A.B. asks: 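Below: one structure in structure tokens.
Not measured: the values here are computed from a predicted model. First the proteins, then the strands, lettered A, B, ... as listed; each starts at 1.
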Amino acid sequence: MHRFRRLRRSELPVDTQELARFLIGKALVHDSPRGRMSGRIVETEAYVPGDAAAHSFRGATPRNRSLFLTHGHAYVYFIYGAWFCLNVSGEAEGVGGGVLLRALEPAEGVELMQRRRPGATLHKLACGPGRLATALGITKRHDGLDLCASGPLWLGAPDPHWAKPSIGRSVRIGVTKEAHRPLRFFERGNPCVSGSRRLNS
DNA sequence: TGCACGATAATCT
DNA sequence: GATTATCGTGCAA
């Protein structure tokens, strides 16, 4: 049905903002013990070097060190006492920056995702960063994983049947610092994108 | 359809 | 002790 090819690190832009745009329309795949879950990435946000809203802004700590790994590594953090969020590091080794994966259009393993998010419709299954991580079963255990290596969590080239996305841009959701910067990217018209209608035009 | 609000814990000051 | 890159519910229209 779906045939995803692993993206090589050399295919990823070495720039957090470019990576955020690049990842729209690509695939995220989790080969979990219970089976494969995958989807099309439809919404991202860039947290770039020098950005006061970025977790990496004040330098490396035990919590955010994964943001300083070379581009293509996972940074997973726990927020509001309840949710995990998945990022992809976006800069060269030693430079802090990352792309928050905010929403996915489910492709494979829909039943597995629904088991983790009972009652959620297909559109709402991975619509939002916390929901995305919950649906795919992503936790702190995945922090620091290389998404370009032969591990369980990886980035895939678009399915051959997928259309090229029309990419929209807006300010980021939920941030108070540097709130004006247009660093959120999304696929126009995709019902799995989170956020208000006004942001998604 | 669109807000307001509380839950909840890791992290940092 | 304050802050937080969220979510689900509840209530109003």
A.B. asks: So, is A:Ser196 close to the B:dG2 phosphate, meaning a side-chain N or O under 4.0 Å from OP1 or OP2?
C.D. replies: no
A.B. asks: To the nearest angstrom, how far is A:Leu132 atom CG from C:dC7 atom P?
C.D. replies: 10 Å
A.B. asks: Can you measure A:Arg63 atom CZ to B:dC12 atom P for me and round it to whole angstrom units?
C.D. replies: 6 Å
A.B. asks: With centres under 5.5 Å and planes under 30°, do A:Tyr47 and C:dA5 count as stacked?
C.D. replies: yes
A.B. asks: Could I get the full list of side-chain contact (heavy atoms from CB on, under 4.5 Å) partners for A:Arg58, not counting sequence neighbours?
C.D. replies: none
A.B. asks: Between atom NZ in A:Lys140 and atom C1' in B:dA10, what is the gap in whole Å?
C.D. replies: 8 Å
A.B. asks: Could I get the full list of salt bridge (Lys or Arg N to Asp or Glu O under 4.0 Å) partners for A:Arg21, not counting sequence neighbours?
C.D. replies: none
A.B. asks: Excluding sequence neighbours, so at least two apart, what forms side-chain hydrogen bond (donor to acceptor under 3.5 Å, both in side chains) with A:Ser166?
C.D. replies: A:Arg188
A.B. asks: Quick check on DNA chain B: between A:Arg197 and A:Asn64, whose nearest nucleotide comes earlier from the 5' end?
C.D. replies: A:Arg197
A.B. asks: Taking transitive links into account, so neighbours of neighbours count too, which hydrophobic residues share a cluster with A:Tyr47 at under 4.5 Å side-chain distance?
C.D. replies: A:Leu67, A:Phe68, A:Tyr75, A:Tyr77, A:Ile79, A:Tyr80, A:Trp83, A:Leu100, A:Val175
A.B. asks: Rounded to whole angstroms, how far apart are OH on A:Tyr77 and C1' on B:dT11?
C.D. replies: 13 Å
A.B. asks: Just to verify, what does A:Asp15 make a salt bridge (Lys or Arg N to Asp or Glu O under 4.0 Å) with, not counting sequence neighbours?
C.D. replies: none
A.B. asks: Please tabulate, one pair per line, each protein N/O and nucleotide N/O from nucleotides 8-12 of chain C that are separated by under 3.5 Å, including the distance.
C.D. replies:
from	atom 1	to	atom 2	distance (Å)
C:dG8	OP1	A:Arg117	NH1	2.8
C:dG8	OP2	A:Arg131	NE	2.6
C:dG8	OP2	A:Arg131	NH2	2.7

A.B. asks: Within the pair A:Arg102 and C:dT6, is there a side-chain N or O less than 4.0 Å away from OP1 or OP2?
C.D. replies: yes
A.B. asks: Mind calculating the distance between OH (A:Tyr80) and C1' (B:dT11) to the nearest angstrom?
C.D. replies: 13 Å
A.B. asks: Roughly how many Å is it from CZ in A:Phe84 to C1' in B:dA9, rounded to a whole number?
C.D. replies: 11 Å
A.B. asks: Give the rounded distance in Å between these two atoms: CG of A:Asn200 and P of B:dT1.
C.D. replies: 14 Å
A.B. asks: Can you name the salt bridge (Lys or Arg N to Asp or Glu O under 4.0 Å) partners of A:Glu18, sequence neighbours left out?
C.D. replies: none
A.B. asks: Sequence neighbours left out, what passes side-chain hydrogen bond (donor to acceptor under 3.5 Å, both in side chains) with A:Asp31? Give chain and number order.
C.D. replies: A:Arg36, A:Trp154
A.B. asks: Can a donor-acceptor pair be found between the side chains of A:Arg117 and A:Thr134 at a distance below 3.5 Å?
C.D. replies: no
A.B. asks: Please name all residues satisfying ring pair (Phe, Tyr, Trp, His ring centres under 6.0 Å) with A:His71, sequence neighbours left out, ordered by chain then number.
C.D. replies: none
A.B. asks: To the nearest angstrom, how far is A:Glu43 atom CD from C:dA5 atom P?
C.D. replies: 16 Å
A.B. asks: Flag the pair A:Arg40 and A:Asp159 as a salt bridge only when some basic side-chain nitrogen lies within less than 4.0 angstrom of an acidic carboxylate oxygen.
C.D. replies: no
A.B. asks: So which one's nearest nucleotide on DNA chain C is more toward 5', A:Thr176 or A:Cys127?
C.D. replies: A:Thr176
A.B. asks: Answer yes when A:Arg181 and A:Glu45 have at least one side-chain N-carboxylate O distance shorter than 4.0 Å, and no when they do not.
C.D. replies: no
A.B. asks: Identify, with sequence neighbours excluded, every residue that meets salt bridge (Lys or Arg N to Asp or Glu O under 4.0 Å) alongside A:Arg131.
C.D. replies: none
A.B. asks: Enumerate, in order of first residue number, the stems that involve DNA chain B, defined as 3 or more consecutive Watson-Crick or G-U wobble pairs with both distances under 3.5 Å.
C.D. replies: B:1-7 with C:6-12, B:9-12 with C:1-4
A.B. asks: Tell me which residues in residues 50-58 of chain A lie within less than 4.0 Å of DNA chain C, going by non-hydrogen atoms.
C.D. replies: A:Ala53, A:His55
